Amino acid sequence: MASFLSLRDAIANEVRDGDVVAMEGFTHLIPFAAGHEIIRQGRRDLTLIRMTPDIIYDQLIGMGCARKLVFSWGGNPGVGSLHRMRDAVENHWPHRLDIEEHSHAAMANAYEAGAANLPFAVFRGYKGVTLPEVNPNIRSVTCPFTGEVLAAVPAVRPDVAIIHALKADARGNVLIEGITGVQKEAVLASRRSVVTVEERVEDFGPRSANAVILPHWTVGSIAVVPRGAYPSYAHGYYKRANSFYQAWDAIARDRETFLAWMDENVMKADAGREVA
Amino acid sequence: MVKPATPTEMMTIAAARALKSSDVCFVGIGAPSAACNLARLTHAPGITLIYESGTIDTRPDVLPLSIGDGELCDTALTTVSVPEMFRYWLQGGRITVGFLGGAQIDRFANLNTTVVGAYDQPKVRLPGGGGAPEIAIHCGEIFITMAMGSRAFVDKLPFITSLGHGTGPGSREKLGVKTRGPTRVITDLCVMEPDPETRELTVTSLHPGATREAVEAGCGWTLRFAEGLSETAPPTDEELAVLRDLHERTRRAHAGEA
């Protein structure tokens, strides 16, 4: 059942050291505020799952929160590298980071399999490429009807999913519109969840009959965090801060510059733009 | 007098010309996105552009920085979830053309965007495959656009992120892949196509002002030239004006987003 908490309490209640954590949001609705709170609370040894690690995982990795990363595209979209992720993979800074690498199709299928309570996902993919040689979790299965050999990957079953959404209503139902990515699948595949939202409303009011809604009984903790997806964006609220994504390249390239930026903008920031 | 085209502009324009109004195109970010939108704004107004974030038939006014900018969703016919995008639309065989770029390419148009050096101890860790491994096998055909350079066009890839023509004739068929694979590589100096017999990339057209020597210098294997080698038609004033206008609109829009 959904309960409204401060961001600080929501993260403290749901995220523990060593957890397998999926923070989703495909370019849109990336849960930055929640990620920053995890960094402030000093969580360690996390296995971080995300299709596109983006700046949020660059920050978590650079601040030493992650032991392992499961991902399918690790860049700064349209800009270049994620320098903290690269430094961890190439030079083990701030410490060694294990990686489990997939394609987008594999990750999307694996989330869906998790939501569907299946042990693995099956799809047609990974043909003629090197990734299966370096990732033992990429295997195959033979169709019992046609004999076709298909790719198989384990379902994603996180301890906790963290997403940012547009609205929660008074009962804690959650509304997502725009680019919906794999957020619904991530929450339904996970044991626990944290949802940050732009605003809490009494009732969603008129909406499409097919609006993407997570019913309150599928959601764990909800925190109201306006602009909680910045510098990504929230459909109908604010735009993606493309110039920040460009500026991040220089901030993250150097370890000291990165640490100074994090100290100033995350560690010293007020944990609770909260309220429920 | 219009300022002459830069090699990058020529690459984008040549890539745009390869697209038809009837195409359903899966668009990668960067040069492919510019080419696809240029095509839509010039000779291919009916083209359906699809980005992997789930936006179908999108008509952005400015180029997105990422594959999921709000502009794509705001101007799309419909937006579906990412699992649906990869399962029903890509794997379902609904896409006629996939447009890819890469860090490295070999003579059979296999691409590497994963790693330079050993996988476990990389010299350079690149972003990885994203949608490319499945785009490369499920789209009807693949266009690739990349600037030439001997570190990009290499004799042997350290890692194959997405399949081109494998090791030559019959490679795709042996893997049970029924689509055509890369049919065109559009660079800043020339256009290459796989040889019908050997599947090896062969230069079929030189861009205006580009020489054989420059093309050879930008390639890490001994490059073949087609017998009927032609010259790419120079950019028209309209193509250049529309492309520059698109980039200028994009620059202004992104500068205002902080």
Side-chain angles (χ1 to χ4, degrees), chain A residues 26-28 51-52 54 71-82 85-86 89-90 101-109 111-112 115 123-131 133-134 148-149 178-185 212 231-233 235-236 239-247, chain B residues 29-30 33 52-55 64-74 79-87 90-91 110 112 114 119-134 136-138 157 159-164 166 171-172 175-177 253-258:
Chain A
F26 205 81
T27 310
H28 178 216
M51 293 182 67
T52 58
D54 205 271
F71 75 108
S72 43
W73 192 83
N76 180 347
V79 178
S81 292
L82 290 174
M85 175 188 154
R86 270 187 66 176
V89 173
E90 293 171 10
E101 184 169 4
H102 288 282
S103 67
H104 279 350
M107 294 276 293
N109 277 283
Y111 272 114
E112 204 180 58
F123 63 105
R124 197 178 280 116
Y126 284 136
K127 287 179 186 278
V129 298
T130 313
L131 210 47
E133 294 169 24
V134 297
E148 182 178 0
V149 177
I179 290 173
T180 55
V182 288
Q183 289 99 302
K184 179 173 165 179
E185 289 78 7
V212 176
S232 83
Y233 69 103
H235 187 86
K239 285 184 149 187
R240 189 174 190 265
N242 279 329
S243 56
F244 180 82
Y245 273 82
Q246 285 159 333
Chain B
I29 213 66
S33 181
E52 67 194 11
S53 54
T55 52
L65 185 66
S66 78
I67 42 74
D69 280 23
E71 175 80 7
L72 296 173
C73 181
D74 291 339
T79 298
V80 301
S81 76
V82 168
E84 180 177 325
M85 175 52 65
F86 281 95
R87 290 170 67 80
L90 182 61
Q91 185 176 266
N110 304 297
N112 172 29
T114 304
Y119 185 78
D120 290 331
Q121 287 179 315
K123 261 194 282 196
V124 183
R125 177 61 229 199
L126 300 162
E134 282 73 30
I137 58 173
H138 293 317
L157 291 178
F159 196 99
I160 296 178
T161 307
S162 64
L163 176 69
S171 275
R172 293 178 70 86
L175 292 163
V177 179
H254 289 183
E257 292 167 354

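Please read all numbers here as calculations on a predicted model, not as lab measurements. Numbers restart at 1 for each chain; the letters A, B, ... are given by sequence-line order, proteins then strands.
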- Message: Please identify, among A:Gly178, A:Gly74, A:Gly236, A:Ser81, the residue contributing the most non-hydrogen atom pairs under 4.5 Å to chain B.
- Response: A:Gly74
- When rounded to the nearest 0.5 angstrom, what is the spacing between OG in B:Ser66 and CZ in A:Arg240? 4.0 Å
- Can you tell which part of A:Phe71 gets under 4.5 Å to a heavy atom of chain B, answering side chain, backbone, both or neither? side chain
- Query: Highest number of heavy-atom pairs under 4.5 Å with chain B: which of A:Gly125, A:Ala105, A:Gly80, A:Gly75?
  - Reply: A:Ala105
- Query: Quick one: side chain to side chain contact (heavy atoms under 4.5 Å, CB included) partners of B:Arg172, sequence neighbours excluded?
  - Reply: B:Leu163, B:His165, B:Val177, B:Thr179, B:Pro182
- Evaluate the side-chain proximity of A:Ile179 to B:Ser53: yes if any heavy-atom separation is below 4.5 Å, no if none is. yes
- Measuring from B:Leu175:CG to A:Tyr126:OH, what's the distance to the nearest 0.5 Å? 15.5 Å
- Task: Flag the one option from B:Gly68, B:Ala136, B:Gly130 with the top tally of heavy-atom pairs under 4.5 Å to chain A.
- Result: B:Gly130
- Task: Among B:Ser33, B:Gly70, B:Pro133, single out the residue with the greatest number of heavy-atom pairs under 4.5 Å to chain A.
- Result: B:Gly70
- Task: Could you walk me through whether A:Leu131 and B:Thr161 pass the side chain to side chain contact (heavy atoms under 4.5 Å, CB included) test, one step at a time?
- Result: CA-CA 7 Å; A:Leu131 210 47; B:Thr161 307; over 6 Å; no
- Of the backbone (N, CA, C, O) and the side chain (C-beta and beyond), which part of A:Met107 lies under 4.5 Å from a heavy atom of chain B, both, or neither? neither
- Query: Between B:Ser81 and A:Glu185, is any pair of side-chain heavy atoms under 4.5 Å apart?
  - Reply: yes
- Query: In terms of heavy-atom proximity below 4.5 Å to chain B, should A:Gln246 be classed as side chain, backbone, both, or neither?
  - Reply: side chain
- How many angstroms lie between CD in B:Glu52 and OG1 in A:Thr27, if you round to the nearest 0.5 Å? 8.5 Å
- Note on the structure: All heavy atoms of B:Pro83 vs all of A:Val182, minimum pair found to be CD-CG1, 3.5 Å
- Identify the two heavy atoms, one from A:Trp73 and one from B:Gly129, that lie closest to each other, and give their separation to 0.1 Å. CD1-C, 4.1 Å
- Task: Give a yes or no answer on whether the side chain of A:Glu101 reaches the backbone of B:Gly128 with a donor-acceptor pair at less than 3.5 Å.
- Result: no
- Indicate yes or no: at least one non-hydrogen side-chain atom of B:Asp69 is less than 4.5 angstrom from one of A:Tyr233. no
- pair B:Glu134-A:His104: side-chain heavy atoms closer than 4.5 Å: no
- Message: Under the criterion side chain to side chain contact (heavy atoms under 4.5 Å, CB included), I'd like the reasoning laid out for A:Arg86 against B:Val124: C-alpha separation, chi angles, the key distance, then a yes or no.
- Response: CA-CA 8 Å; A:Arg86 270 187 66 176; B:Val124 183; 3.4 Å; yes
- Which residues share a side chain to side chain contact (heavy atoms under 4.5 Å, CB included) with B:Ser171, sequence neighbours left out: B:Thr167
- For residues A:Glu133 and B:Tyr119, determine if any side-chain heavy atom of one lies less than 4.5 Å from a side-chain heavy atom of the other. no
- Any B:Cys73 side-chain heavy atom under 4.5 Å of A:His28 side chain: no
- Task: Using a 4.5 Å cut-off on heavy atoms from C-beta on, say whether the side chain of A:Val129 contacts that of B:Phe159.
- Result: no
- Note on the structure: Rounded to the nearest 0.5 Å, the CD atom of A:Glu90 sits from the NZ atom of B:Lys123 at a distance of 11.5 Å
- How long is the span from the CG atom in A:Asn76 to the CG atom in B:Leu65, to the nearest 0.5 Å? 7.5 Å
- Note on the structure: Nearest heavy-atom approach of B:Ile160 to A:Gly128 is CG2-O, 3.5 Å
- Are side-chain heavy atoms of A:Arg124 and B:His138 found at a separation under 4.5 Å? yes
- Ionic contact status for A:Glu112 with B:Arg87, cut-off 4.0 Å: yes
